[in-house]
Every structure is written in C-alpha cells, then in structure tokens.
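Before any comments, here is the structure.
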Amino acid sequence: MKNEIQNIKKLFEEDLINAKDAASLEALRVKYLGRKGIIAVLMQKLPGVAKELKPKVGKELNLLKKDVEGKIKIAQSTVLKNAPQKADNIDITLPGTWKDGGKIHPLTKTLNEVNDIFISLGFKIAEGPEIEREFYNFEALNIPLEHPSRDAFDTFYIKEDVLLRSHTSTVQIRIMEKTNPPIQAIMPGRVYRPDAVDASHSFMFHQVEGLMVDKGIKFSDLKGVLNIFAKQMFGEKTKTRFRPSFFPFTEPSAEVDVSCIICKGKGCRVCSHTGWLEILGAGMVNPKVFEAVGYPAGKYTGLAFGMGVERIAMLKYGIDDIRLFFENDLRFLKQF
Ligand code: DAH
C-alpha cells in the first residue's frame, strides 16, 4: 500500500507536467480525485490494511489527496491567468451589449444648421445676457413706454429696470455699443415671455437675431441673405415673400414667409391653405437705434432679422407641439 501511494505520487507528478491547459487539468482532476478516481479506489482498500498500519496509511492517503488537490488548483489558476484570449473563446452568436448612443437635441440640431448657414455667409456668432436692463430690451430699440410688450404681463420683471429679455434684439445694442461697423453677426439665445403654455406657446424659447451694419447696406442685401438662408434651410426650391410689417427698431420692416415646405405652395392644413409659412421678422435698422448706440447720424445703414428656433424646427420636422422640445421624452428625442 505504501509503495502504491509512492507510485501514484510519481505518476501524478508526471501527469501534472503534461497537463498544460484547462481541459487536461480537468481530466487529471477526474482521474485522481473523481468519485471513481485513483485515490478513491485506494481509499476503498483501506479497510483491508493491517490494523496497526491503518492510521499511518490513512494519514498518508489523506496527505496524497490534499497534495493532489492543491497542485491541481495552483496549475488551474496559472493556466487561467496565462491563457491568451483565444478567438474561439468568444461566442460571436451571443447578442451584443447595446449602448444607446446619445443624440443631439432637435433644437440644438436646428440651431447648428442655422448657425452654419450664416457662418458660411460671413456672419460671426455673438451672445448677450438673458437678464437685461430695460434700456437694452426696449428704449435703445425704440420701443416706447406705451408699447404693449413693456407691460408687466408681457415681460418677466425681476425688479424695476431688470428683466428677462423678451427677444434677442437686445444683443444688437450690446454689439453696436462696443463695436464700430462693419458688423456682421448672428445672436442665438433664450428669450422669456410670461405666456400660458400650450401647443404653440412656451414661457421660454429660442431666437436667432441677425445684424449687418456698414456703409451702404441695402434692402436688397436683406433679401439676398434671407433668400439664401431659406433655400439652404428648407430646400433649393423654397421661395420667400416679404410682407410689409412694423417693428419699432426697423424701418421699413417686413415679415418674411417661405413657400410651404409641406405642400410646396399649393395650400394645405399646415399653411392654412395660403401656400406660405411665416418664419421671421426683418427690416432695415431704424436710424433711432443707431442714435441710441451713438453712431453718427446718416453714416451707416443696416439690416436686421429675428427668428424663432422652435418655429423653424417645428416646420422643418413637422412637429405640432412646442412642449415636446422641453419634456425630455426619449420616445420623441430618439427620432432625431
Ligand atoms: N425682436 C422681434 C421679436 O421678438 C423679432 C425681430 C423682428 C427681430 C424684426 C429683428 C427684426 O431684428 O428686424 O418678435
């Protein structure tokens, strides 16, 4: 029995040297430690051993078992550590772990497109504060005290003379105060109005203002710039229409329509069967505005325009409720 234990020990050491991967180590474990393995068979012989030798033989058998167990474990962990990631270890038929990619918000996407078009025409991007003084939101823009937009119900006042800007035209003034012409800038940003929220109103929305001031800027420049914008934004076939209008800070003023992008001008529900969609307000900078920023009288002319980003995005993507932009509903946002 003693010899047998010694032989098995030797045999095991030899086998161990040859077992170089996980499968052969497992086979080795079964061969020696399995229920019908070599050591189990030896254990079964123990009752036949002479009584006085039994404790010693039993002890040696146990030692052998522990030794074999320990050595196999060590060999297994070494194999595991050193195993190169073999291609056939990877089951390529398993479904992958899907990471939802982030997306650009439709408003940001629209704003980026608007910015890109004007940048390609030589405009620079400028920004101004959302909390403003009355001078920038109203007076400098030739909006008189009796104008309805100055009413407490039409503007968020923080305190006297301090308010949340109701349009981005404020930034025109801030630029002109600091810079002499030529000026060619667009001014994107948030604006605030205390409107009750519904499908077409929000107390906060986004505008892009445009301003170009120099000697000899003409109404035809305004038409040219906005024509290019409309075609690039809504498609080459898009037509524009300038309707006479009124804004205190421009003279003359116009409301600009594009041919309906849904029915191409034929008339449909979206354009109320007119064939046209209003997209922005525009005009030639009122000399009173130049006066407010201290430009010499008669020296410069300028064009200005202002558009709502939500409106542009709603027309472009056929969205019928402004609230969708701000509700963070992924079912909506994932579509862009
Ligand atoms: N500020 C106007 C508004 O909020 C939009 C606007 C109209 C801006 C005409 C302009 C402009 O620069 O020329 O409704």
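Ligands are counted one by one from 1 in listed order, and the atoms in each one are counted from 1 as well.
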- Message: Can you tell me how the ring of F118 sits relative to the ring of F305, calling it parallel under 30°, perpendicular over 60° and tilted otherwise?
- Response: parallel

- Identity and separation of the nearest protein heavy atom to atom 12 (O) of ligand 1: E209 OE2, 2.6 Å

- Message: List ligand 1 atoms under 4.0 Å from A304, heavy atoms only on the residue side.
- Response: 12 (O), 13 (O)

- F249 and H167 aromatic ring geometry - parallel, tilted or perpendicular at 30°/60° bounds: perpendicular

- Query: Can you check whether Q207 has an N/O within less than 3.5 Å of an N/O in ligand 1?
  - Reply: yes

- Would you mind listing which atoms of ligand 1 come within a distance below 4.0 Å of any non-hydrogen atom of G283? 13 (O)

- Donor-acceptor pair between D154 and S149 side chains, under 3.5 angstrom: no

- Taking the six-membered ring of F336, is NZ or CZ of K109 closer than 6.0 Å to its centre and within 45° of its axis? no

- Message: One pair to check against side chain to side chain contact (heavy atoms under 4.5 Å, CB included): Y300 and V285. What are the steps and the verdict?
- Response: CA-CA 9 Å; Y300 302 112; V285 178; over 6 Å; no

- Message: Quick check for you: to the nearest 0.5 Å, what is the distance between K71 atom NZ and E13 atom CD?
- Response: 3.5 Å

- Message: Residue-level breakdown please: for A282 versus ligand 1, do any non-hydrogen atoms fall below 4.0 Å on the side chain, on the backbone, on both, or on neither?
- Response: backbone

- Numbered in order shown, the ligand 1 atoms found under 4.0 Å of a heavy atom of G281 are 7 (C), 9 (C), 11 (C)

- Looking at S169, which atoms of ligand 1 are within less than 4.0 Å of one of its heavy atoms? 1 (N), 8 (C)

- Item | Any R193 heavy atom less than 4.0 Å from ligand 1 | yes

- Heavy-atom contacts under 4.0 Å between F249 and ligand 1: side chain, backbone, both, or neither? side chain

- Task: May I ask you to check whether G210 has an N/O atom sitting below 3.5 Å from an N/O atom of ligand 1?
- Result: no

- Message: Between Y317 and Q335, do the side chains contain a donor N or O and an acceptor N or O under 3.5 Å apart?
- Response: no

- What atoms of ligand 1 come within less than 4.0 Å of a heavy atom belonging to Q172? 12 (O)

- Item | E139 with R133: basic N within carboxylate O range, under 4.0 Å | no

- Query: For ligand 1, which atoms have a heavy atom of T250 less than 4.0 angstrom away?
  - Reply: 13 (O)

